[in-house]
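So the structure is just underneath, and the comments pick up after that.
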Amino acid sequence: MDAIAIRHNDEILDLQTASQRGVEGEGIELDNSAESLDVLRHSTAHLMAQAIKSLYPEAKFYVGPVVKEGFYYDFKVDSEIGEGDLKKIEKQMLFFAKKKHEIEKYEISMDEAKKKFANDHLKLSVMERIPSDTVSIYKQGEFEDLCRGPHLPSTKYIRFFKLLKIAGAYLGGDSKNEMLTRIYGIAFADKESLKAHMTMLAEAAKRDHRKIGNEMKLFTFREEVGAGFPIWLPAGGRLRARLEGLLFKAHRKRGYEPVRGPEMLRADLWKVSGHYQNYGENMYFTSIDEVEFGVKPMNCVGHIKVYEDELRSYRDLPLKYFEYGVVHRHEMTGALHGLFRVREFTQDDAHMFCTVEQIEEQIIEVVDFVDKIMTTFGFEYKMMISTKPEKAVGDAQVWEKSEQALINAMQANNLEYEIDEGGGAFYGPKIDIKITDAIGREWQCGTIQLDNNLPERFELEYNDGDNEKIQPVMIHRAILGSFERFIGILTEHYAGEFPMFIAPTQVAIIPIAQTHNAYAKEIADKLIDLGADSEIFDKNESLNKRIRTAEKGRVPMIIVLGDEEVEAKTVAIRDRRTREQSNANLDSFLTMIQTKINEVNF
RNA sequence: GCUCGCAUGGCUCAGAGGUAGAGCACUUCCUUGGUAAGGAAGAGGUCCCGGGUUCAAUUCCCGGUGCGAGCUCCA
């Protein structure tokens, strides 16, 4: 296979640039490696621009970068372009690809470039952001574009691509600027990968938690209730309660104490914490007896008040408080999205107060906790450590020690992690947990954040062995993040087919005729004693209909009861997924359910 | 918050300037069925809200609210 680019001193250079500079390096072939796809997608974006230009000669182009999920190009045309035009553009792209245009590169000075694109205000504004004196132009056929590359040697390599969606986007991402048209697309080195990607997208749409949540009656939203305020329906309530229960026990086992702060606290406290000044526009305020109150957007202040309830000794530390904290945040309307982004949600929040020396062991413990939970749900995950940003508060030494503690914890656990330099919060470094779901999508859930700021602001302290007052370190952490978001992710991860231990209903019981109803009820009662929820499908409908209804309800286990079962004290088990049937006696069935429910412990 | 689009029974959707329809779900009756839709009858809608145009608006226009896509934001 031909090389489409080379790696030179850790830099990816296209062949045009390499020959221009007269350098050589390890060849990169056209495959689905990250480097290769980068080049391919970048060139596909250009091919799209070429196609658009030929269809809409007045088109002006802004930027067309490669992003995580493909590429896009922002541009402006006079006529309206809609979803339906994508096919047409794709066709034109194939036409140019088949022409096998060589992609040439040449450099001109910034002044020349400004002249060249004098009547293209979009390109001019791109150039304003380029500090260098010369710019490069890439040319394929008639089409030329200002670009830094790297690009393929020829359009002939572009074959497996798809334009995905069309949307508006502001010039430079600033809503004060004009709106451009953006088309997103994706490209791969081979047909199979493109197909797999398209299948994944279709699968993702099928798994949309808003759709499944509606079908399974997990939750709903109502216009009259307000945007971003979810309503939990009974089935969702059961699922959520199971999750909460499991997690509660897991916290207790690890020495966390349940606490609870009020929903609203006096605004003065939010001034002390700094939220009033820095997060105020996301908060809801009200006034009670002429005193201003703020509805909590976070739980830390409440937990600080728990800490302050007694004089603390180093012997007490670490102190670990947890709360399923209901918080309100004023998210922008455009950001709201199902359960993923709401204005009221419940965090599985905890705060640890400890000494600087204890940071590392605390982190290790949390990381282990995270591992337990995420592997139970079948998520792969990785950690991202974010270090000190430009704007930061606190002692430089504490920063350094904190960051080192995070890295040590990773290494001690042999965990894969990445570092986001300067990505930390202003008050401390953090670890974010990114999970990968069943169809390969990444989600950010948990986070562990060290905080030197709030202990300072609230003047927290403990007495050390010499009876000196020392400021404790505060660690914020959430593992699921929020129940809302996590249940949304779980719904998509499992496509609604929740495993037994969190399913809203564990067993569907289908008595064949009315004479079997008593036996059905008897089993349902026994299941409740085991902590399992069941639903009896005894409506006046055909057996087939009731089995179908139970199947569509995504209940993990279905049992059918008739004369034989009543007589022999057995159940006929139907596996929802395989549609296979088996028989078991009642006791061993109950034991099996109990085992399945209890086998999960975080 | 911004741009664009959408809003019709519980759900999924069709429809027209002259006050509405389908499927599923629901109710009642018949059917008592052994593993993915048995049959019949029936009930149910201020066509999101507020203005405007019109003899007449659910339909056209404006504003609001909610939802969707994207941007932006995310202590």
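Since we're looking at a predicted model, the values are computed, not measured. Labels below follow one simple rule: chain letters A, B, ... track the order of the sequence lines, proteins then strands, and each chain is numbered from 1.
- Aromatic ring centres of A/Tyr62 and A/Tyr72: separated by at least 6.0 Å.
- In RNA chain B, the stems built from three or more successive Watson-Crick or G-U pairs (distances below 3.5 Å) are B:1-7 with B:65-71, B:10-13 with B:21-24, B:26-30 with B:38-42, B:48-52 with B:60-64.
- Taking atom C1' in both B/rU46 and B/rA20, one finds a spacing of 14 Å when rounded to whole Å.
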For nucleotides 40-46 of chain B, which of its nitrogen or oxygen atoms have a protein nitrogen or oxygen under 3.5 Å away, and what is each distance?
none

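- Rounded to a whole Å, the NZ atom of A/Lys165 is 12 Å from the C1' atom of B/rG68.
- Under 3.5 Å, the side chain of A/Arg579 and the base of B/rA36 form at least one donor-acceptor pair of N or O atoms.
- Between B/rG1, B/rG70, B/rU35, one nucleotide has an atom nearer to the side chain of A/Thr333 than all others, and that is B/rG1.
- Residues passing the ring pair (Phe, Tyr, Trp, His ring centres under 6.0 Å) test with A/Tyr417, sequence neighbours excluded: none.
- Remark: A/Val356 engages A/Ile359, A/Lys401, A/Val473 in a side-chain contact (heavy atoms from CB on, under 4.5 Å) (not counting sequence neighbours).
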Per-nt protein contacts along nucleotides 26-32 of chain B (heavy atom under 4.0 Å; B base, S backbone sugar-phosphate only, - none) come out as S---BBB
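- Looking at residues two or more places apart in sequence or on another chain, you find a side chain to side chain donor-acceptor pair (under 3.5 Å) between A/Tyr381 and A/Asp371.
- Here the separation of B/rG5 from B/rA41, taken at their C1' atoms, is 42 Å to the nearest Å.
- By the side chain to side chain donor-acceptor pair (under 3.5 Å) test, A/Thr505 is found to be paired with A/Arg238, residues two or more places apart in sequence or in another chain being considered.
- B/rC74 and B/rG17 are spaced 48 Å apart, taking the P atom of each and rounding to whole Å.
- Heavy-atom nearest nucleotides on RNA chain B were determined for A/Ile573 and for A/Phe426, and the one closer to the 5' end corresponds to A/Ile573.
- Between A/His337 and B/rA69 there is a side-chain polar atom (N or O) within less than 4.0 angstrom of OP1 or OP2.
- Between the side chains of A/His330 and A/Glu281, no donor N or O sits under 3.5 Å from an acceptor N or O.
- Shown here are the side-chain contact (heavy atoms from CB on, under 4.5 Å) partners of A/Glu421, two or more places apart in sequence or in another chain: A/Thr387, A/Ile419.
- Listed by residue number, A/Arg210, A/Asn214, A/Glu223 are the residues of residues 202-223 of chain A with a heavy-atom contact under 4.0 Å to RNA chain B.
- Side-chain to base pairing of A/Asn544 with B/rA36: no donor and acceptor N or O lie closer than 3.5 Å to each other.
- The side-chain contact (heavy atoms from CB on, under 4.5 Å) check on A/Thr491 picks up A/His209, A/Ile212, A/Leu218, A/Ile487, A/Phe498, with sequence neighbours excluded.
- A salt bridge is defined here as a Lys NZ or Arg NE, NH1 or NH2 lying under 4.0 Å from an Asp or Glu carboxylate O, and A/Glu497 with A/Lys206 fails to meet this definition.
- Across B/rG44 and B/rG39, the matching P atoms stand 24 Å from one another, rounded to whole Å.
- A centroid separation of 6.0 Å or more is found between the aromatic rings of A/Phe345 and A/Phe483.
- Across the P atoms, B/rC13 and B/rC48 are found 15 Å apart, a figure rounded to whole Å.
- Taking 4.0 Å as the cut-off between side-chain N and carboxylate O, A/Glu492 and A/Arg441 count as a salt-bridged pair.
- Taking the six-membered ring for Trp and the full ring otherwise, the centers of A/Trp270 and A/Tyr279 sit at least 6.0 Å from each other.
- Residue A/Ser542 places at least one side-chain N or O under 4.0 Å from the OP1 or OP2 atom of B/rG38.
- Under the 4.5 Å side-chain criterion, counting only non-hydrogen atoms from C-beta, A/Gln449 is not in contact with A/Arg477.
- Straight-line distance from the CG atom of A/Leu233 to the C1' atom of B/rC11: 13 Å, rounded to whole Å.
- Between the base of B/rC74 and the side chain of A/Arg341 there is a donor-acceptor pair shorter than 3.5 Å.
- Within residues 557-570 of chain A, the residues approaching RNA chain B are A/Val560, A/Gly562, A/Asp563, A/Glu564, A/Glu565, by heavy-atom distance under 4.0 Å.
- Taking atom CG of A/Asn282 as the reference point, atom P of B/rG1 lies 12 Å away to the nearest angstrom.
- Taking the P atom of each, B/rC47 and B/rU59 are spaced 9 Å apart, rounded to whole Å.
- Nucleotides B/rA14 and B/rU3 place their C1' atoms 29 Å apart, quoted to the nearest Å.
- A donor and an acceptor atom never sit less than 3.5 Å apart when one is taken from the side chain of A/Arg546 and the other from the base of B/rA37.
- Using a 4.0 Å cut-off between charged nitrogen and carboxylate oxygen, A/Glu551 and A/Arg574 count as a salt-bridge pair.
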For this session: Please step through side chain to side chain contact (heavy atoms under 4.5 Å, CB included) for the pair A/Glu484 and A/Arg240, ending with a clear verdict.
Result: CA-CA 9 Å; A/Glu484 285 75 8; A/Arg240 186 173 160 155; 3.1 Å; yes
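- For the OP1/OP2 pair of B/rC71 and a distance below 4.0 Å, the side-chain nitrogens and oxygens of A/Tyr184 include at least one atom meeting the criterion.
- The ring pair (Phe, Tyr, Trp, His ring centres under 6.0 Å) test applied to A/His493 returns A/Phe379, not counting sequence neighbours.
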Worksheet item: Under the salt bridge (Lys or Arg N to Asp or Glu O under 4.0 Å) criterion, do A/Lys388 and A/Glu403 qualify, and how do the steps go?
Response: CA-CA 8 Å; A/Lys388 190 175 174 180; A/Glu403 287 176 0; over 6 Å; no
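- Taking atom C1' in both B/rC61 and B/rU53, the straight-line distance is 7 Å, to the nearest Å.
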